[in-house]
**Q** 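Here it is, the structure in full.
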Amino acid sequence: MKTKSATQPLPECIEGPEAYRRFDEVVRQILSVPHSTLVRRERAYKKKSLANPNRRGPKPKVKPSA
């Protein structure tokens, strides 16, 4: 597990209307991504994940060719 180094400053804790405005902007950016883009990114991630031989969890069964 990686930890933050002592040289990196912690982000500012902002409260009140400014925090809401920043949160609202981020949520709008996330929700503005088209579904097709999300599906494409998820497919690419899954392909990359399955190609990793050292990944955790159950491995897919390899069917012998005829």
Side-chain angles (χ1 to χ4, degrees):
M1 183 171 167
K2 294 183 179 180
T3 59
K4 288 188 176 186
S5 67
T7 59
Q8 291 180 344
L10 295 174
E12 284 186 46
C13 181
I14 299 175
E15 297 180 4
E18 175 65 18
Y20 174 76
R21 186 188 60 76
R22 291 173 62 178
F23 174 78
D24 191 46
E25 287 178 8
V26 170
V27 170
R28 286 179 191 271
Q29 287 178 352
I30 292 170
L31 294 178
S32 67
V33 177
H35 180 71
S36 59
T37 303
L38 295 177
V39 170
R40 180 178 48 83
R41 289 178 185 171
E42 185 67 27
R43 198 177 315 125
Y45 170 78
K46 190 167 188 176
K47 183 177 179 183
K48 184 179 176 184
S49 173
L50 290 173
N52 181 5
N54 298 323
R55 73 185 189 99
R56 295 178 54 163
K59 310 305 187 266
K61 302 292 183 196
V62 178
K63 296 181 181 178
S65 58

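All heavy atoms count here, side chains included; hydrogens, waters and symmetry mates do not. If you read the sequence from its start, that first residue is 1, and numbering goes on from there. Everything numeric here is computed off the predicted structure, so don't read it as measured data.
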**Q** Please give the remaining members of the hydrophobic cluster of Leu50, linking ILVMFWY side chains under 4.5 Å, ordered by chain and number.
**A**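 In the cluster with Leu50 there is nothing else; it is isolated.
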**Q** Pro34: what forms a side chain to side chain contact (heavy atoms under 4.5 Å, CB included) with it, not counting sequence neighbours?
**A**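 With sequence neighbours excluded, Pro34 shows a side chain to side chain contact (heavy atoms under 4.5 Å, CB included) to Ser36, Thr37, given in chain and number order.
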**Q** With sequence neighbours left out, which residue pairs that include part of residues 18-37 fulfil the salt bridge (Lys or Arg N to Asp or Glu O under 4.0 Å) condition?
**A**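 Output for this query lists Glu18-Arg21, Arg21-Glu25, Asp24-Arg28.
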**Q** What side-chain donor-acceptor pairs closer than 3.5 Å can you find for residues 42-49, not counting sequence neighbours?
**A**
none

**Q** Under a single-linkage rule joining Ile, Leu, Val, Met, Phe, Trp and Tyr whose side-chain heavy atoms are separated by less than 4.5 Å, which residues share a cluster with Ile30?
**A**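 Its cluster mates, by chain and number, are Val26.
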